[in-house]
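Working notes, beginning with the structure itself.
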Protein chains: 2
Amino acid sequence: MDSGTTYSALLTPAEVARLFRVDPKTVTRWAMSGKLSPLRTLGGHRRYRREEVERLLAESSEQH
Amino acid sequence: MDSGTTYSALLTPAEVARLFRVDPKTVTRWAMSGKLSPLRTLGGHRRYRREEVERLLAESSEQH
DNA sequence: TGATACTAGGGTAATTCGGGTA
DNA sequence: AGTGTCCGAATTACCCTAGTAT
């Protein structure tokens with residue numbers, strides 16, 4: 001029942017940027033350097049996996 | 001729409017949109033530009049082949 | 001037959017892309 | 001080395017009303 005009308009496993013560049021408090025362009029650079037492995041819309045825009053982003057967030061708070 | 005429990009070889013615009021984290025209208029644009037080849041219901045609504053959509057999803061996460 | 005959710009279509013904002021720069 | 005910003009072009013998101021799907 002309603003298996004995800006509001007939830008998505010993918011995040012937009014702006015959403016990732018808000019989580020890290022950086023500019024979306026910086027998120028793009030992380031992707032280009034291989035630190036993130038996003039998929040692409042058919043128009044070429046990046047979509048990031050929530051699971052991957054949250055894992056990196058957790059790791060970054062461990063080592064502080 | 002019961003998209004979580006019932007399997008179908010055809011996907012609605014909303015289902016495709018959720019997979020790519022885009023607006024359903026964007027999926028329509030992909031169809032109009034030839035990036036997707038949907039069927040049409042007798043009333044004119046588009047239905048997308050799951051096989052085609054999943055193939056494009058897989059390709060989008062490859063590195064190139 | 002009615003009720004509700006979704007889609008088509010068109011228009012107009014808002015994001016994102018890529019490159020270059022500070 | 002890592003970010004933030006400016007730019008133009010391209011892509012995507014949100015607004016509406018009428019018609020379709022279930």
Side-chain angles (χ1 to χ4, degrees):
Chain A
M1 44 173 64
D2 189 32
S3 61
T5 50
T6 54
Y7 178 87
S8 175
L10 299 178
L11 300 174
T12 65
E15 289 170 340
V16 178
R18 287 191 207 104
L19 290 173
F20 281 95
R21 297 292 300 273
V22 295
D23 193 271
K25 183 87 170 191
T26 296
V27 179
T28 297
R29 292 196 183 100
W30 293 346
M32 291 189 296
S33 67
K35 296 175 180 174
L36 283 170
S37 301
L39 46 102
R40 300 271 202 151
T41 69
L42 299 189
H45 286 201
R46 296 179 182 86
R47 296 285 112 103
Y48 301 89
R49 302 175 194 282
R50 179 189 298 272
E51 188 176 333
E52 182 178 19
V53 171
E54 291 181 346
R55 176 173 53 78
L56 292 174
L57 268 175
E59 291 177 359
S60 67
S61 57
E62 288 176 1
Q63 63 181 12
H64 188 172
Chain B
M1 181 155 294
D2 193 26
S3 61
T5 55
T6 303
Y7 179 88
S8 173
L10 296 181
L11 301 175
T12 65
E15 289 169 339
V16 178
R18 209 167 348 172
L19 290 173
F20 280 94
R21 186 58 159 94
V22 295
D23 193 89
K25 189 62 82 63
T26 296
V27 178
T28 297
R29 288 196 212 90
W30 293 346
M32 292 190 296
S33 66
K35 294 173 179 174
L36 286 170
S37 302
L39 316 177
R40 291 276 198 159
T41 67
L42 299 187
H45 287 196
R46 297 180 181 86
R47 295 286 114 98
Y48 301 88
R49 299 182 185 281
R50 177 188 297 274
E51 189 176 352
E52 180 179 19
V53 172
E54 291 183 345
R55 175 175 53 79
L56 291 172
L57 262 178
E59 290 176 358
S60 75
S61 52
E62 293 175 0
Q63 324 250 1
H64 46 257

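By convention in this document, chain letters (A, B, ...) are assigned in the order of the sequence lines, proteins followed by strands, and residues within each chain are numbered from 1.
When both pairing distances are held under 3.5 Å, C:dG2 makes no Watson-Crick or G-U pair with any nucleotide shown. In a base pair of the Watson-Crick type (N1 to N3 plus N6-O4 or O6-N4) or a G-U wobble (N1-O2 and O6-N3), with each distance short of 3.5 Å, C:dA22 is matched with D:dT3.
Atom P of nucleotide C:dA5 and atom NE2 of B:His45 are separated by 16 Å, given to the nearest angstrom. We find that CG of A:Leu39 is positioned 16 Å from C1' of C:dC17, with the value rounded to whole Å. Rounded to whole Å, atom C1' of D:dT12 lies 15 Å from atom CZ of A:Arg40. As rounded to whole Å, 13 Å separates atom P of D:dA21 from atom CZ of B:Arg46. Distance A:Glu15 CD to D:dT12 C1': 13 Å, rounded to the nearest Å. Here D:dT3 presents its C1' atom at 11 Å from NZ of A:Lys25, a figure rounded to the nearest Å. Straight-line distance from the CZ atom of A:Arg21 to the C1' atom of D:dT3: 15 Å, rounded to whole Å. For the pair A:Asp23 CG and C:dT15 C1', the interatomic distance rounds to 12 Å; values are reported in whole Å.
For the OP1/OP2 pair of D:dT12 and a distance below 4.0 Å, the side-chain nitrogens and oxygens of A:Thr41 include at least one atom meeting the criterion. Regarding contacts with the backbone of C:dC17, a side-chain N or O of A:Thr28 is found under 4.0 angstrom from either OP1 or OP2. Considering only side-chain N and O atoms, A:Trp30 lies nowhere under 4.0 angstrom from the phosphate OP1 or OP2 of D:dG2. Taking side-chain N and O atoms only, A:Thr26 has a distance below 4.0 Å to OP1 or OP2 of D:dG4.
Looking at B:Arg46, B:Met32, B:Glu52 one by one, the single match for side chain to side chain contact (heavy atoms under 4.5 Å, CB included) with B:Pro38 turns out to be B:Arg46.
When the shell of 6.0 Å around CZ of B:Arg49 is examined, it contains 12 or fewer heavy atoms from other residues, nucleotides or ligands.
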Item to check | Derivation of the side-chain contact (heavy atoms from CB on, under 4.5 Å) call for A:Tyr48 and A:Glu15 | outcome: CA-CA 9 Å; A:Tyr48 301 89; A:Glu15 289 170 340; over 6 Å; no
Item to check | B:Phe20/B:Leu57 under side-chain contact (heavy atoms from CB on, under 4.5 Å): CA gap, chis, key distance, verdict | outcome: CA-CA 8 Å; B:Phe20 280 94; B:Leu57 262 178; 3.7 Å; yes
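Contact annotation: side chain of A:Arg29 to base of D:dG4, donor-acceptor pair present below 3.5 Å.
Here A:Arg55 does not pair with A:Glu51 in a salt bridge; the nearest charged N to carboxylate O distance is not below 4.0 Å.
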